[in-house]
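What follows is a set of notes on a single structure, which appears directly below.
The residues of the chain are indexed from 1 along the displayed sequence. Read the numbers this way: they start at 1 and go in the same order the structure lists the ligands and their atoms.
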Amino acid sequence: MKFAVIVFPGSNCDMDLLTAVRDVLGHDAEYVDHRATSLEGFDAVLLPGGFSYGDYLRCGIIARFSNVMSEVVRFAQEGKLVFGTCNGFQILTEAGLLPGALRRNQSLKFISKPQKLIVSNANTAFTSAYQDQEEISLPIAHGEGNYYCDSETLAQLQANHQIVFTYKGNPNGSVSDIAGIINKEGNVCGMMPHPERAVEELLGSRDGLKLFQSMVAAYEERKLIEA
Ligand SMILES: NC(=O)CC[C@H](N)C(=O)O
């Protein structure tokens with residue numbers, strides 16, 4: 001399986017993502033520049049955390065207009081796997097690939113700490129290696145992680161089981177403790193916590209590894225079905 005790690009000006013978790021899927025998980029991965037016009041040959045796309053375009057205007061809003069994002073939208077529409085963490089999640093909501101928006105943390109402060117989460121749906125392409133309702137710990141590091149959506153959208157997210165991770169002890173004011181969601185089709189996922197920073201004991205937690213293992217399992221299952 002070959003992962004694309006998109007690099008925007010100001011990304012700072014691109015290396016963490018590449019290391020997680022290539023060196024720890026043992027799959028192919030390559031950086032793809034934000035000016036790229038093709039995702040040919042890739043099986044999954046990863047959007048990293050960071051401060052794309054210095055977080056000017058609003059986190060993710062400028063990156064959303066990069067050349068490569070038209071390709072990411074097309075890739076997602078083909079049903080292929082797209083995952084965004086932190087700034088990557090913000091870019092996915094700005095691009096309209098995921099519903100809702102990320103606002104300033106309720107405290108108006110940047111928060112960086114290990115955070116307990118609950119896997120609220122383990123029946124997805126991004127969470128199948130977890131147990132349902134499993135408690136995990138992943139680092140968070142954001143200033144705008146306060147997930148917001150209107151009540152109609154929230155009802156849809158709940159009805160379609162699109163809420164995949166929730167906070168245990170809400171750190172930022174997110175609606176319904178939401179830390180991560182998937183789209184209705186189930187192939188695009190975004191979350192504020194950083195699974196790529198929790199893939200080895202040395203990092204303090206290995207709880208993030210199962211997310212990437214789930215993506216590999218989903219990809220292999222799809223390949224089998226298509227064969
Ligand atoms: N670590 C990150 O990706 C941070 C995202 C964004 N710059 C924020 O502060 O909310």
Is there a nitrogen or oxygen of [X] sitting under 3.5 Å from a nitrogen or oxygen of ligand 1?
X	answer
C13	no
R197	no
H142	no

Could you measure the distance from the [atom1] atom of [X] to the [atom2] atom of [Y]? Nearest 0.5 Å is fine.
X	Y	atom1	atom2	value
T93	R58	OG1	CZ	8.0 Å
T19	E196	OG1	CD	10.0 Å
F3	M215	CZ	CE	5.0 Å
N146	L108	CG	CG	9.5 Å

Exercise. Do Y130 and L211 touch side chain to side chain, with heavy atoms closer than 4.5 Å?
Worked result: yes
Exercise. Can you check whether Y147 reaches M192 side chain to side chain, under 4.5 Å on heavy atoms?
Worked result: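 Side chain of Y147 against side chain of M192, heavy atoms only: no contact under 4.5 Å found.
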Shortest protein heavy-atom distance from [atom], along with the residue and atom involved:
atom	result
atom 3 (O) of ligand 1	G50 N, 2.7 Å
atom 9 (O) of ligand 1	G143 N, 2.9 Å
atom 2 (C) of ligand 1	C86 SG, 2.8 Å

Numbering as shown, the atoms of ligand 1 that approach [X] to under 4.0 Å (heavy-atom distance):
X	result
H194	1 (N)
E144	8 (C), 9 (O), 10 (O)
G49	3 (O)
A141	1 (N), 2 (C), 4 (C)
F51	7 (N), 9 (O)

For this session: Would you sort out whether D16 and H194 count as a side chain to side chain donor-acceptor pair (under 3.5 Å), showing the intermediate values?
Result: CA-CA 10 Å; D16 308 49; H194 287 273; over 6 Å; no
Exercise. Ligand 1 versus D55, non-hydrogen atoms closer than 4.0 Å: side chain, backbone, both, neither?
Worked result: side chain
Seminar exercise, completed: Tested for side chain to side chain contact (heavy atoms under 4.5 Å, CB included) against E94, the lone hit among L102, I61, I62 is I61
